[in-house]
Amino acid sequence: MQLTEELEALRASVRDFAREVVAPVIAGHYEQHTFPYEIVRQMGKMGLFGLPFPEEYGGMGGDYLALGVALEELARVDSSVAITLEAAVSLGAMPIYRYGTAEQKQRWLPALVSGEALAGFGLTEPGFGSDAGGTQTRAVLDGDEWVINGSKAFITNSGTDITSLVTVTALTGPDEISAIVVPSGTPGFEVGPGYSKVGWCASDTHPLHLDDVRVPAANLLGQRGRGFAQFLHTLDEGRIAIAALATGLAQGCVDESVAYAKERRAFGRAIGDFQAISFKLADMRTRAHTARLAWHDAAARLVAGQDFKQYAAMAKLHASEIAVTNAREATQIHGGYGFMNEYPVARFWRDAKVLEIGEGTSEIQRMVIARDMGL
Ligand SMILES: Cc1cc2nc3c(=O)[nH]c(=O)nc-3n(C[C@H](O)[C@H](O)[C@H](O)COP(=O)(O)OP(=O)(O)OC[C@H]3O[C@@H](n4cnc5c(N)ncnc54)[C@H](O)[C@@H]3O)c2cc1C
């Protein structure tokens, strides 16, 4: 798909930013498990957090194609930064934009859209992930306040110094799931210590505990009892963003491996001269290209207001699986150096696996696609 001049300009500016600003410092954050506040601040200034939001909230007036282009270019260099943006926009701010009242939008969106604040989306619980309808967290109305009790697991962007809120899903009645905004710092809202993760080590992920957390009744997001439908739509859109991110990682593996294959010598020649290596690279590039076509197609359908759910699932399934394959091959091409953390491909390898898990596992994507065929 041919991107517009505007999107190509966005791609070029994010690519420069990723190479010049992210690449030199991200390995240090990754190693130390520190959150890259300075990078996030600069991404905010570039307008990346506002890409798919209208100008009235300070956004750039773009859409999911624009967000995907930015995510792809960031993930080509680093996935921790990319997932921070993806979760902040698709999971944090988008539900407020889609389902919030005028007052909620005015209160929360400007800071989220500018990147000055981050929001999380608390759906997964310690006992339930894929089976998200099994939510155990409960919210009970007491006068004009919700009283919330429960736990959430693996919540991205929930514990940074600039996190302003987490939207949590909770049972508000038998078989009735609703979404409620919980501002950071609300008494009883405890953010547990950050997880020690295999990958995405410079991103922010915490368990959350809600112990008699009281928020105003007006913090209900969208209609009471519509929380399940809302988060399914949120995840459908988010899968396009994850597919773009996975494509970026797969392309980053190509970039690093082609450069390495031209430099590294064995048996008197560059290893790229061996057909065993050049064919791997040809396959890696082909995989990244087809993943890009798949997410572009899903995003174009979403933007055009067409049915996109199954195309988003196919794009996410394909892109995440080829990202894992490309990361494995990139490590192989780098030989022993590919196993050293100082090489970007080691980070790619560690970061790729979770793409087959987060925002719906590969098994869940296959279920969505199979259901669409009447199975
Ligand atoms: C780093 C990270 C960040 C995350 N960020 C967030 C976040 O911001 N917000 C949030 O809400 N969640 C977040 N998650 C949670 C993530 O979405 C879940 O981990 C994911 O949906 C899978 O749920 P689970 O871990 O409970 O696995 P389970 O649902 O327990 O699945 C275990 C295995 O069983 C398989 N399985 C389950 N049901 C079926 C079935 N019906 N048929 C076939 N196979 C099945 C799964 O595919 C998987 O292979 C994050 C996770 C990670 C690792």
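Here, residue 1 is the first one in the sequence, and each next residue gets the next number. Values below: every heavy atom of this structure, side chains too, minus hydrogens, waters and symmetry copies. Just follow the structure's listing: the first ligand is 1, and inside any ligand the first atom is 1.
Here atom 46 (C) of ligand 1 lies nearest to Thr361 when heavy atoms of Asn157, Thr361, Asp204, Thr169 are compared.
Of the N and O atoms on the side chains of Asn149 and Arg138, not one donor lies less than 3.5 Å from an acceptor on the other residue. Side-chain contact, Thr361 with Glu356: no donor N or O sits under 3.5 Å from an acceptor N or O. Side chains of Glu237 and Ser90: no donor on one and acceptor on the other come within 3.5 Å.
Using a 4.0 Å cut-off between a side-chain N of Lys or Arg and a carboxylate O of Asp or Glu, Asp236 and Arg239 qualify as a salt bridge. By the 4.0 Å N-to-carboxylate-O rule, Lys316 lies too far from Glu359 to be salt-bridged with it. One finds no salt bridge joining Arg301 and Asp307 here, because no Lys/Arg side-chain nitrogen approaches an Asp/Glu carboxylate oxygen to under 4.0 Å. The existence of a salt bridge linking Glu73 and Arg76 is confirmed by a sub-4.0 Å separation between a basic side-chain nitrogen and an acidic carboxylate oxygen.
A cation-pi arrangement is absent between Lys105 and Tyr57, since the terminal nitrogen or guanidinium carbon is not both under 6.0 Å from the aromatic centre and inside a 45° cone about the axis.
Among all protein heavy atoms, the one lying closest to atom 29 (O) of ligand 1 is Ser130 OG, 2.6 Å. Considering only non-hydrogen protein atoms, atom 8 (O) of ligand 1 sits nearest to Thr156 N, 2.9 Å. Protein heavy atom at the shortest distance from atom 9 (N) of ligand 1 is Phe121 O, 2.8 Å. With hydrogens left out, the protein atom closest to atom 49 (O) of ligand 1 is Glu363 OE1, 3.5 Å, a heavy atom. For atom 18 (C) of ligand 1, the closest non-hydrogen atom on the protein side is Thr124 OG1, 4.1 Å. Counting only heavy atoms of the protein, atom 24 (P) of ligand 1 lies nearest to Gly129 CA, 3.8 Å. For atom 41 (N) of ligand 1, the closest non-hydrogen atom of the protein is Met367 SD, 3.6 Å. In terms of protein heavy-atom proximity, atom 17 (O) of ligand 1 is closest to Glu359 N, 3.6 Å.
At a distance under 4.0 Å, a protein heavy atom can be found next to atom 15 (C) of ligand 1. Distance remark: protein heavy atom not present below 4.0 angstrom from atom 39 (C) of ligand 1. Put simply, atom 32 (C) of ligand 1 has no protein non-hydrogen atoms near it, under 4.0 Å away. For atom 11 (O) of ligand 1, a protein non-hydrogen atom is found at a distance below 4.0 Å.
Interface of Leu123 with ligand 1, defined as ligand atoms under 4.0 Å from a residue heavy atom, comprises 11 (O). Contact atoms of ligand 1 toward Ile155: 7 (C), 8 (O), 9 (N), 10 (C), 11 (O) (distance under 4.0 Å to a heavy atom of the residue). Using a 4.0 Å cut-off to heavy atoms of Ile357, the atoms of ligand 1 that qualify are 19 (O), 20 (C), 21 (O).
Residue contacts with ligand 1, taken as heavy atom pairs separated by less than 4.0 Å, involve Trp200 solely via side-chain atoms from C-beta onward. With a 4.0 Å heavy-atom cut-off, ligand 1 is reached by the side chain of Val354 but not by its N, CA, C or O.
Proximity of Glu125 to ligand 1 is not established, as no heavy-atom distance is less than 4.0 Å.
Enclosure of atom CD in Gln223 is not indicated, since only 12 or fewer non-hydrogen atoms of other residues, nucleotides or ligands lie within 6.0 angstrom. Within 6.0 Å of the CZ atom in Arg15, the count of heavy atoms belonging to other residues, nucleotides or ligands exceeds 12.
Looking only at distances, a side-chain donor or acceptor of Thr135 sits under 3.5 Å from a matching main-chain atom of Ala132.
Between Phe128 and ligand 1, no pair of N/O atoms sits closer than 3.5 Å.
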Which atom pairs, donor and acceptor, lie under 3.5 Å between side-chain atoms of residues 190-198 and protein residues at least two apart or in another chain?
| unit_1 | atom_1 | unit_2 | atom_2 | d |
| --- | --- | --- | --- | --- |
| Tyr195 | OH | Phe154 | N | 3.0 |
| Lys197 | NZ | Trp200 | O | 3.0 |
| Lys197 | NZ | Ser203 | O | 2.9 |
| Lys197 | NZ | Ser203 | OG | 3.0 |
| Lys197 | NZ | Thr205 | OG1 | 2.6 |

